[in-house]
Every structure is written in structure tokens, then in C-alpha cells.
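One structure is given here, and the rest of the page talks about it.
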Amino acid sequence: MKNIFQTKRSVWLVLFITVCIIAGLEGSAESISKVIQLKSSGGQLEKILVAKNSEVQLNNGSGTTFHNFMVIQLSTGKRMVSIEDIKPSASFNLAFDREGTYIACYSEDGSKVLNTSTCLQIDVVGLRSI
């Protein structure tokens, strides 16, 4: 009788630990973007998580041509990419070979003033094993 009780208790303990591990992993899962949709100004800085050395597609999904697209590495201030115009439904691929934070900005009216631009924060992270 004592062995049956200990066996049931062990099964429940293993089940409880398994559920806790799965719940913990689910809560810390990160969404890594493969496609970044460029869209008209939303007023709020959008943050995007990208894996280091993986290709990301940037797509102009709006009906507007975007102007003065640039990607700047935040830590150095260095301009990494610069494109004059991105036509509607145009797309291109980028890959980031260094971890860090990047800012991508573009405008609808051709202005080069950052306060009238739409910007995205791109956080590039290395792949982590669990």
C-alpha cells in the first residue's frame, strides 16, 4: 500500500514539474521576425526582434511610395543601409551580422527630417539554446 502511494506521488510530482517547465518555456519564448511590413506612420515606435545572420524581408505593403529609407546602428550612429525610394509592394532582403539595436526610418512625403519619419526599432539577437 505504501509503494502505491509513493508511486502516485512520484507521478504527480513529475507531472507538476513537467507542466512548470513547459509553462516557463512558453512564457519566455521570443518571436523572431522573418518579414517586416513597412506601413504608414502609426505614431508609436514599433519594436521588432530579429535573429543575427538570418535574412529578413522588408516589404512595402502600403499603397504609398516611401522615401529616404535608412537603417542606422544605434551604438555607433553608422548608416548601414540607405534607399531613396521604395515603391508600393516592393520588397528587399536584409541580414544583420552583428547583435545590437538598429533604427530603420522612412518618410511618406520625402522629408529628411526624422521627426516627420516613421521609425522601427530592430533588436538583433544571437540564437540562444534552451
Side-chain angles (χ1 to χ4, degrees):
M1 184 76 159
K2 209 174 201 184
N3 284 341
I4 293 173
F5 178 71
Q6 286 180 340
T7 303
K8 284 183 180 181
R9 185 174 176 194
S10 296
V11 169
W12 281 108
L13 181 61
V14 168
L15 183 61
F16 177 75
I17 291 172
T18 304
V19 169
C20 287
I21 289 172
I22 292 171
L25 292 177
E26 188 174 318
S28 65
E30 297 174 339
S31 174
I32 304 288
S33 296
K34 298 265 187 217
V35 176
I36 298 173
Q37 291 290 337
L38 303 178
K39 46 192 163 188
S40 297
S41 177
Q44 185 176 14
L45 181 68
E46 185 177 346
K47 295 181 181 181
I48 299 165
L49 193 62
V50 173
K52 177 182 166 185
N53 293 325
S54 68
E55 261 194 19
V56 178
Q57 182 183 53
L58 279 87
N59 183 13
N60 181 356
S62 76
T64 308
T65 297
F66 293 128
H67 307 279
N68 304 317
F69 177 86
M70 69 180 112
V71 176
I72 299 169
Q73 186 176 23
L74 201 57
S75 64
T76 63
K78 184 178 178 184
R79 187 180 301 194
M80 308 303 286
V81 175
S82 182
I83 300 173
E84 194 170 318
D85 295 314
I86 303 174
K87 305 262 186 234
S89 73
S91 64
F92 57 95
N93 293 339
L94 286 178
F96 296 89
D97 63 351
R98 294 194 179 166
E99 294 179 31
T101 300
Y102 298 80
I103 300 294
C105 294
Y106 53 93
S107 67
E108 292 180 54
D109 61 3
S111 172
K112 292 187 178 186
V113 180
L114 282 180
N115 64 357
T116 63
S117 296
T118 300
C119 294
L120 310 168
Q121 178 178 324
I122 303 171
D123 293 318
V124 179
V125 297
L127 297 178
R128 294 183 283 184
S129 61
I130 297 174

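Below, each value reflects all heavy atoms present in this structure, side chains not excepted, and no hydrogens, waters or symmetry copies. Sequential numbering from 1 along the given sequence is applied to the chain's residues.
- Considering only heavy atoms from C-beta on, I72 stays 4.5 Å or farther from L74 through its side chain.
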Side chain to side chain contact (heavy atoms under 4.5 Å, CB included), that's the test. Do R79 and Q73 meet it? Break it down for me.
CA-CA 7 Å; R79 187 180 301 194; Q73 186 176 23; over 6 Å; no
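- Contact record, K52 with G126: CB-CA, 4.1 Å, taken as the closest heavy-atom pair.
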Test side chain to side chain contact (heavy atoms under 4.5 Å, CB included) applied to T65 and I86, step by step:
CA-CA 6 Å; T65 297; I86 303 174; 5.9 Å; no
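- Put simply, the side chain of I122 reaches to within 4.5 Å of the side chain of I36, judged on heavy atoms.
- The CD atom of E99 sits 11.5 Å away from atom OG of S75, with the distance rounded to the nearest 0.5 Å.
- Closest heavy-atom contact between E108 and H67: O-CD2, 3.3 Å.
- In the hydrophobic clustering of ILVMFWY residues, with side-chain heavy atoms under 4.5 Å counting as a link, I48 and I103 come out apart.
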Worked check of side chain to side chain contact (heavy atoms under 4.5 Å, CB included) between T101 and Q121:
CA-CA 7 Å; T101 300; Q121 178 178 324; 3.7 Å; yes
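- Within the 4.5 Å cutoff, the side chain of V56 has no heavy atoms near those of the V35 side chain.
- Side-chain atoms of Y106 do not come within 3.5 Å of backbone N or O of D85 as any donor-acceptor pair.
- Using a 4.5 Å heavy-atom cutoff, the side chains of L38 and N59 are not in contact.
- Distance check: L120 CG to K47 NZ gives 12.5 Å after rounding to the nearest 0.5 Å.
- Put simply, the residue from V125, V124, D123 that forms a side chain to side chain contact (heavy atoms under 4.5 Å, CB included) with F96 is V124.
- Between the side chain of N60 and the backbone N or O of S89, no donor-acceptor pair lies under 3.5 Å.
- Across S54 and A51, no two heavy atoms sit closer than the pair OG-O, 2.9 Å.
- The closest side-chain heavy-atom distance from M70 to M80 is not below 4.5 Å.
- Below 30°, between 30° and 60°, or above 60°: for F92 and F69 the angle between ring planes is above 60°, a perpendicular geometry.
- The closest donor-acceptor contact from the side chain of S117 to the backbone of C119 lies at 3.5 Å or more, if one exists at all.
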